[in-house]
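Working notes, structure below.
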Amino acid sequence: MNSLFVILLLQGLPAICWGLECYVCTAQANNVDKCVKTTIQCRESQDACRTQIMWKQPEFWQPRSERYHYVSKSCDRKDRCEAESASKGLKCMRDWYRDWHCIECCQGDRCNYYTTLGAGTTQISMTLLAVVLAVHFFFRLR
């Protein structure tokens, strides 16, 4: 009986230890409070965290025409998330004067904390590095 319990426990450990955890929220006005305080353990088939951002005009019957900013976060499958992100195409232009809708995917526990949209890599720009080094050496020689 004890060996059966140990076997069942060991079979469940990988799901507990290696389960992806993502921030979750739905249609929040900004990336604070619920969007950065609420997490969920993703299902076994979900291997990516997803962030969806929308900037849109209110419906025509609403009196003011201020645009709204919505943030939604969830778990998703990487292939599905990337396909939907790529399908947005020109809808993800992030212009202040038109409606836009973007999706960002990332892998790693709680990787969707920030809504970066396109900063999925942390590689430094070679141009930026060259400028910083040039400025550093210029002031050092003075």
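Residue numbers start at 1 and run along the sequence shown.
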Residue pairs involving residues 83-92 (criterion salt bridge (Lys or Arg N to Asp or Glu O under 4.0 Å); sequence neighbours excluded):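 Matches after skipping sequence neighbours: R50-E84.
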When you look at Q57 and D99, which way does the side-chain contact (heavy atoms from CB on, under 4.5 Å) test go after all the steps? CA-CA 7 Å; Q57 232 173 354; D99 294 353; 3.9 Å; yes
Among T39, T38, N31, find the residue that satisfies the side-chain hydrogen bond (donor to acceptor under 3.5 Å, both in side chains) test when tested with K73. N31
From [X] [atom1] over to [Y] [atom2], what is the distance, rounded to the nearest 0.5 angstrom?
| X | Y | atom1 | atom2 | result |
| --- | --- | --- | --- | --- |
| M54 | C92 | CE | SG | 12.0 Å |
| L20 | I40 | CG | CD1 | 11.0 Å |
| E21 | N112 | CD | CG | 10.0 Å |
| S87 | I103 | OG | CD1 | 6.5 Å |

Set of residues satisfying side chain to side chain contact (heavy atoms under 4.5 Å, CB included) with respect to D47, sequence neighbours excluded: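 In terms of side chain to side chain contact (heavy atoms under 4.5 Å, CB included), with neighbours along the sequence ignored, D47 is linked to R77, K78, Q107.
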Whether the side chain of D76 engages the backbone of A48 through a donor-acceptor N/O pair (distance < 3.5 Å, no angle test) should be reported. no
Quick one: does any side-chain atom of T51 pair with a main-chain N or O of E104 as donor and acceptor, under 3.5 Å? no
Do the cysteine sulfurs of C75 and C22 sit under 2.5 angstrom from one another?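 Taking the criterion (SG atoms under 2.5 Å apart), C22 and C75 fail it, so no.
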Shorter than 2.5 angstrom, is that how the SG atoms of C42 and C49 come out? no
Locate the shortest heavy-atom distance separating M93 from L90; write the atom from each residue and the value.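 It is CG-O, 2.8 Å.
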Is there a side-chain contact between W100 and I53 (heavy atoms, below 4.5 Å)?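 Result yes, sub-4.5 Å side-chain heavy-atom pair found.
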Evaluate the ring planes of Y23 and Y113, with Trp represented by its six-membered ring, and classify them as parallel (under 30°), tilted (30 to 60°) or perpendicular (over 60°). perpendicular
